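Here the structure is a predicted model, which means the values were calculated and not measured.
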Amino acid sequence: MDSDSSITRRQLGRLLREARDEIGLTLEDAARLMEWSKSTLQRYEKGQNQKIRMRELDGMIDIYRIDPERAEGLRGLAKQAAEKSWWHEFGDLIPENFSVFMGLESAAEKLTTYQPDLVPGLLQTADYARIMARIASPGDTDEERERRVEMKLRRQNLITRKTRPATINVILGETVLRRIIGGPSVMAAQLKHLADASTMPNVSIRILPFSSGMPTGELIGTFVILEFPVDSRGKPIEPTIVYAENYTGDMYSEKVGIVQRYRQAYQRIEQAALDEVSSRALLRKMAREYQHER
């Protein structure tokens with residue numbers, strides 16, 4: 001499984017912090033023994049350091065009295081953190097804040113998302129993605145636009161790969177089905193693709209119809225709840241994180257209270273949505289309607 005270097009650095013930092021806590025060593029004392037400032041060690045434990053040097057890691061392993069087996073695991077994480085993930089080749093096209101999301105997405109085991117207006121990237125067809133790229137980045141060359149489409153399609157490997165594909169639960173607002181992106185032909189293919197994808201065992205797609213009104217009583221934009229696999233010690237490699245899209249800046253939060261609020265919002269939307277079978281039938285029905293409009 002691809003894993004973004006920033007995720008791996010955060011995991012390594014968390015394990016080192018836990019090892020320090022286990023022997024009752026304060027941040028200040030550990031920093032002094034490492035001949036670092038307190039802020040330097042804090043950055044290390046938060047995964048914010050851009051480069052991990054093995055001699056520094058070995059120094060902490062010695063100071064924290066980490067046993068050989070755990071030490072090898074930490075060294076393995078450090079080596080993994082030095083490797084760049086596949087999307088770095090698209091770095092010139094990815095805003096910094098979305099690069100963070102791609103790192104989280106690539107490491108996630110389960111994604112739960114509400115998409116009121118557009119098909120999520122993990123389920124877009126190439127033609128739908130191409131139209132969206134043209135709208136979002138009108139100054140792109142044809143080559144840049146195709147690279148954006150390629151990047152989006154490669155992200156979809158997360159749910160289509162044969163080995164341990166991620167689970168994705170999606171609720172789409174009915175607007176997604178009726179907002180015409182690229183014309184009837186593109187929409188027909190896109191809705192058929194959604195219906196077909198919904199038959200996969202790891203993919204759930206449900207539609208929130210207009211007739212359900214506003215289940216939460218207030219506007220809620222696009223959001224994704226990301227959950228992560230556990231490590232060899234049975235602990236998640238990352239805490240559950242909520243990502244919410246905004247036009248001027250995206251929000252990430254791992255605060256338990258905020259994650260819980262989004263879970264509750266999703267549950268209320270889910271209760272008002274069509275079930276999976278009815279949703280699939282509606283997707284196929286509308287795909288046929290668009291097909292007849294061609």
(message) With rounding to the nearest 0.5 angstrom, report the CD to CZ distance, E144 to R148.
(response) 7.0 Å
(message) So, using side chain to side chain donor-acceptor pair (under 3.5 Å) as the criterion, who are the partners of R53 when residues are at least two apart?
(response) none
(message) Check this for me: I135, atom CD1, are more than 12 non-hydrogen atoms of other residues, nucleotides or ligands nearer than 6.0 Å?
(response) yes
(message) When you measure from the side chain of R206 to the backbone of I171, do you find a donor-acceptor pair of N or O atoms at a distance under 3.5 Å?
(response) no
(message) Could you check whether any side-chain N or O of T40 sits under 3.5 Å from a backbone N or O of W36, counting only pairs where one atom can act as donor and the other as acceptor?
(response) no
(message) To the nearest 0.5 Å, what is the distance between CG on L57 and CG on L16?
(response) 6.0 Å
(message) If we ignore hydrogens and angles and just use 3.5 Å, is the side chain of T216 paired with the main-chain N or O of E218 as donor and acceptor?
(response) yes
(message) For the backbone of P165 and the side chain of N202, can you confirm whether one donor and one acceptor N or O come within less than 3.5 Å of each other?
(response) no
(request) Would you check if the side chain of S279 reaches a backbone N or O of D275 as a donor-acceptor pair within less than 3.5 Å? (result) yes
(message) Side chains of R280 and S198 only: does a donor on one sit below 3.5 Å from an acceptor on the other?
(response) yes
(request) Kindly compute the distance separating OG1 (T125) from NZ (K152), expressed to the nearest 0.5 Å. (result) 10.0 Å
(request) Using modelled atom types only, decide if a donor and an acceptor are shared between the side chain of Q190 and the backbone of L123 within a distance under 3.5 Å. (result) yes
(message) What's the separation between atom OH in Y44 and atom CD in E56, rounded to the nearest 0.5 Å?
(response) 5.5 Å
(request) Supply the atom-to-atom distance Y252 OH to L226 CG, rounded to the nearest 0.5 angstrom. (result) 9.0 Å
(request) Say whether, by atom type as modelled, one donor and one acceptor occur between the side chain of Q124 and the main chain of V149 under 3.5 angstrom. (result) no
(request) Taking side chain to side chain donor-acceptor pair (under 3.5 Å) as the test, write out the residues that go with E254, two or more places apart. (result) R10
(message) Please check this pair: side chain of Y128 against backbone of V119, looking for a donor-acceptor N/O pair closer than 3.5 Å.
(response) yes
(message) Going by side-chain contact (heavy atoms from CB on, under 4.5 Å), T112 matches just one of I225, V224, T240, V170. Which one?
(response) I225
(message) Would you compute the distance between atom CD1 of I66 and atom CE of M60 and round it to the nearest 0.5 angstrom?
(response) 8.5 Å
